[in-house]
Amino acid sequence: MPDYHPQDLDRKWQLRWAESRAFEVSADPSRPKFYCLEMFAYPSGHAHVGHLRNYIIGDVVARTKWMRGYNVLHPFGWDAFGLPAENAAIKSGIHPEVSTRDNIAHMKGQLQRLGISYAWERELATCDAEYYKWNQWLFIRMFERGLAFRKKSSVNWCPVDKTVLANEQVVDGGCWRCGTPVETRDLEQWFFKITAYADELLDATKHLTRWPEKVLTMQQNWIGRSEGAYVKFPLDPESGVPSAGHIEVFTTRIDTIFGATFVLLGPEHPLVAQFAERSKDPAGFKRQAHAFRMQDRAARMSGDIEKQGFDTGFRATNPFTGQAVPIWVANFVLGEYGTGAVMAVPAHDQRDFEFARKFNLPIRVVVTPDGRSAASDSMTEAAPAYGTLVDSGEFSGLGSEDAQKRMTEWALGRGIGEGTVQFRLKDWGISRQRYWGTPIPMIYCDRDGIVAVPDDQLPVRLPPLAQFTGRGDSPLAQVPEFVNVTCPRCGGPARRETDTMDTFVDSSWYFYRFADPRNDAKPADPAALKYWLPVDFYVGGVEHAILHLIYSRFFARVFRDIGLVDHSEPFTQLLTQGMVLKDGAVMSKSKGNVVDPDTMLQKYGADALRLYVMFVAPPEKEVEWSDAGLEGSFRFLSRVWRLVDHWAGPLADRSTQRDDAPLDAAGKALRRKTHDTVRRVTMDIEQRQQLNTAVSALMELVNELYSFSEETATGSPARHATAGAASATQERAEVVTVVAEALDALVRMLAPFAPHTGEELWERLGHRGGLSAARWPAFDAAVAKAEQIVIPVQVNGKVRSRLTVPADTTEAELERLALADPPVMAHTHGKTVRKVVVAKGRLVSVVVQ
RNA sequence: GCGAAAGUGGCGGAACUGGCAGACGCGCCAGACUUAGGAUCUGGUACCCGAGAGGGUAUGGGGGUUCGAGUCCCUCCUUUCGCACCA
């Protein structure tokens with residue numbers, strides 16, 4: 001057998017897998033399915049080893065599941081729309097479609113050279129019209145159900161480039177391209193009504209038992225449910241307010257309402273404009289309010305901003321106390337949360353406290369720990385804790401929680417308030433004034449208003465674009481043939497929507513499309529969806545913990561409500577893999593610390609790279625790249641190679657193998673190690689996803705096989721003593737038997753990590769049909785268990801001796817043996833044995849004195 | 001500020017429900033085989049005392065529960081991540 005040349009094996013087996021279409025699957029209800037998915041890739045150009053970790057983890061699981069007898073769906077695709085390609089086009093003039101296709105081709109080659117077991121026939125790219133057609137179809141279904149709607153909202157606006165900026169494109173409060181301070185503008189945008197599912201998305205997190213706790217907490221915080229009440233504060237006509245009416249506030253602390261000594265409006269609040277007109281100095285009023293609004297996004301990026309505010313001069317009435325309270329405008333009140341107005345309770349809210357002290361507004365203490373009235377003079381900070389109500393009229397003496405219930409009822413009875421639930425989660429704005437995305441399939445007609453493009457006219461294709469300037473509004477508005485259409489309803493002249501969809505729409509349902517990616521009548525056939533979905537195992541970076549994973553959970557519910565699927569959660573198990581660092585930093589082109597996988601593949605082959613990345617740390621952890629570690633993995637594979645080489649001769653003739661052959665001690669020990677390794681590796685991969693310890697278990701088995709080879713006088717595999725080994729073991733059927741069992745198991749368990757080497761060695765061990773025909777090794781729990789075990793004996797908590805005993809030794813017998821053991825007696829001599837604790841099969845603990 | 005996770009040899013990391021801390025690998029040291037080896041194999045490698053047998057100390061610091069704690073509880077420190085004026 002030739003020396004280990006992994007590069008040749010890579011080529012050989014990758015070609016074979018492609019020719020035999022080894023990983024293509026079809027739905028087969030007679031077999032259990034397993035849908036293994038790694039987050040699809042943004043085709044940025046070249047993948048570095050950090051990107052690849054994700055795919056290797058998925059591949060180890062997928063390949064193991066194949067061998068475990070599952071019908072495994074393991075597809076891959078490209079999240080191909082997006083800003084970087086368009087920005088590159090603005091710089092270089094190369095059309096995003098061209099650069100994207102180039103990048104896809106390159107990255108696909110990288111994944112194939114790594115030997116990832118993808119069903120390439122199902123490959124998709126979101127920039128294919130055959131894919132984004134269904135974005136549009138889904139958008140229209142959502143529009144019909146009121147889940148897609150238009151709304152005016154505040155966006156970041158660069159006055160120089162005349163374009164909307166995503167939050168990520170605002171750098172230190174300025175435009176990322178020209179540095180101009182960003183303004184806030186109100187624009188009509190398309191939204192998805194994700195808030196309709198806020199409660200459900202939150203509640204269901206408790207059923208996601210196979211998701212990382214961390215991701216669930218992040219989602220829970222993001223959704224941010226808080227229970228409270230709306231309360232109406234009537235405007236005080238005596239203060240000269242422009243109209244009758246009220247200010248509605250949202251509060252989670254209605255129990256403190258007797259301490260509400262003023263009301264705060266956010267600068268966006270509709271009443272602010274009305275008050276401005278009626279104020280003594282309308283221009284000054286507007287100027288201040290405007291200043292707050294400009295402050296908002298820009299200032300928040302750069303850290304804390306000082307609490308500022310001004311008195312409107314108008315008043316409202318606290319409906320509980322009946323007292324008039326001044327109305328102020330404050331920069332820290334958010335327009336988009338609650339009602340955009342708050343009742344200020346300076347005694348019990350830190351922000352209100354600071355505000356009151358700064359502007360000398362009254363502070364009333366209405367909740368105390370002991371139920372006794374207190375003055376506010378000596379307070380240095382707010383007292384937000386729950387307690388007993390004081391100076392709160394008929395509610396005085398109640399505990400905070402009790403009071404919240406009673407006061408909400410009281411308000412409801414008088415029609416001035418009601419209990420409510422608020423979410424931090426906002427509706428999802430999906431309009432982008434960009435070219436490289438899915439056109440929103442809507443038409444504006446002067447007569448018929450907003451009209452959806454009829455299904456039979458889908459897809460609305462992205463037109464070619466002559467120039468990428470990066471200036472002005474939506475680039476699609478520059479293409480008259482695209483914009484000017486006839487209204488599908490009345491046939492009159494109409495305009496197309498020129499915004500495109502957020503690319504997160506594309507990635508929110510691609511896992512459904514994989515079930516049936518060429519369907520041209522539906523997003524996917526319901527029967528295929530029913531068989532393959534939900535995804536059993538999903539791998540990706542934590543950076544998607546919130547956006548992508550919440551949007552996908554939202555889309556799953558939309559699919560459900562449209563009747564396409566009958567589940568609610570798309571991903572049963574989620575694994576968030578850690579990043580690969582180099583020199584302590586995330587790999588990135590700009591930092592120049594990128595490790596190029598192709599260089600590594602040329603040097604060590606795909607298997608060593610895969611094995612190293614799996615072995616270096618548990619999948620969720622961050623790892624520091626090490627060339628030396630990679631070499632270690634290469635050495636290990638060479639070691640396995642030589643081991644198989646060493647035994648290939650004796651094992652060639654399997655007829656000498658006899659399962660009933662009597663085993664000597666060494667044989668038994670090897671057999672036990674083999675079975676125990678199968679047990680450990682199976683559990684590590686399938687249940688714990690602890691792939692690093694699975695690899696170390698395999699290394700232990702290899703070490704054991706090397707020792708065994710020495711002991712059985714067949715010589716060391718290190719020295720290629722092939723001929724000698726063959727004759728020496730010819731008549732030793734039991735040796736052949738246990739070694740064959742060990743190597744067969746070893747090679748099959750190694751295969752998910754190192755598939756090329758695995759296939760080659762499996763063949764060399766005399767098996768036909770390749771690993772796709774091989775089954776995962778089984779283990780016998782009785783064999784895996786040791787006959788003789790070592791029991792440590794502690795005296796006063798310190799290990800003083802070790803007993804080697806049969807595994808089934810009784811507790812009484814263990815106690816007797818321990819106390820009679822000379823090293824133990826040396827420590828118990830002359831002392832009183834107070835207590836003996838026997839943990840069966842584990843340890844004996846003796847307490848003396 | 002709020003929330004979450006994590007602190008174990010020179011390094012990456014093991015230790016399943018409390019039960020021999022440091023598996024496995026990297027690095028390092030010694031030996032073997034070699035013309036040579038940066039190939040390969042074998043042995044060693046937490047720290048301190050001791051020639052040795054052996055003894056002592058160790059899982060961020062301090063305290064607690066327990067026959068027994070890396071693991072459970074309290075407290076403090078550090079690091080990383082997420083949300084950050086959410087009323």
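What's counted below: heavy atoms across the whole structure, side chains too, no hydrogens, waters or symmetry copies. Below, chains carry the letters A, B, ... as their sequence lines are ordered, and counting in each starts from 1.
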Give the nucleotide from the list B:rC83, B:rC85, B:rC20 with an atom nearest to the side chain of A:R802.
-> B:rC20

Which of these nucleotides, B:rA87, B:rC41, B:rA15, is closest to any side-chain atom of A:T693?
-> B:rA15

So what does [X] hit on the nucleic acid, given a heavy-atom distance under 4.0 Å: a base, only sugar-phosphate, or nothing?
| X | answer |
| --- | --- |
| A:K798 | sugar-phosphate |
| A:E700 | sugar-phosphate |
| A:D349 | nothing |
| A:V847 | sugar-phosphate |
| A:H827 | sugar-phosphate |
| A:S626 | nothing |
| A:Q690 | sugar-phosphate |

Ion pair present between A:R357 and A:E354, side-chain N to carboxylate O less than 4.0 angstrom?
-> no

Can a salt bridge be assigned to the pair A:D645 and A:R642 using a cut-off of 4.0 Å between side-chain N and carboxylate O?
-> no

Donor-acceptor pair (no angle test) under 3.5 Å: A:K214 side chain, B:rC81 base = no

Syn versus anti for B:rG22, judged by chi lying within 90° of 0?
-> anti

Quickly work out the A:Y337 OH to B:rC83 C1' distance and round it to whole Å.
-> 13 Å

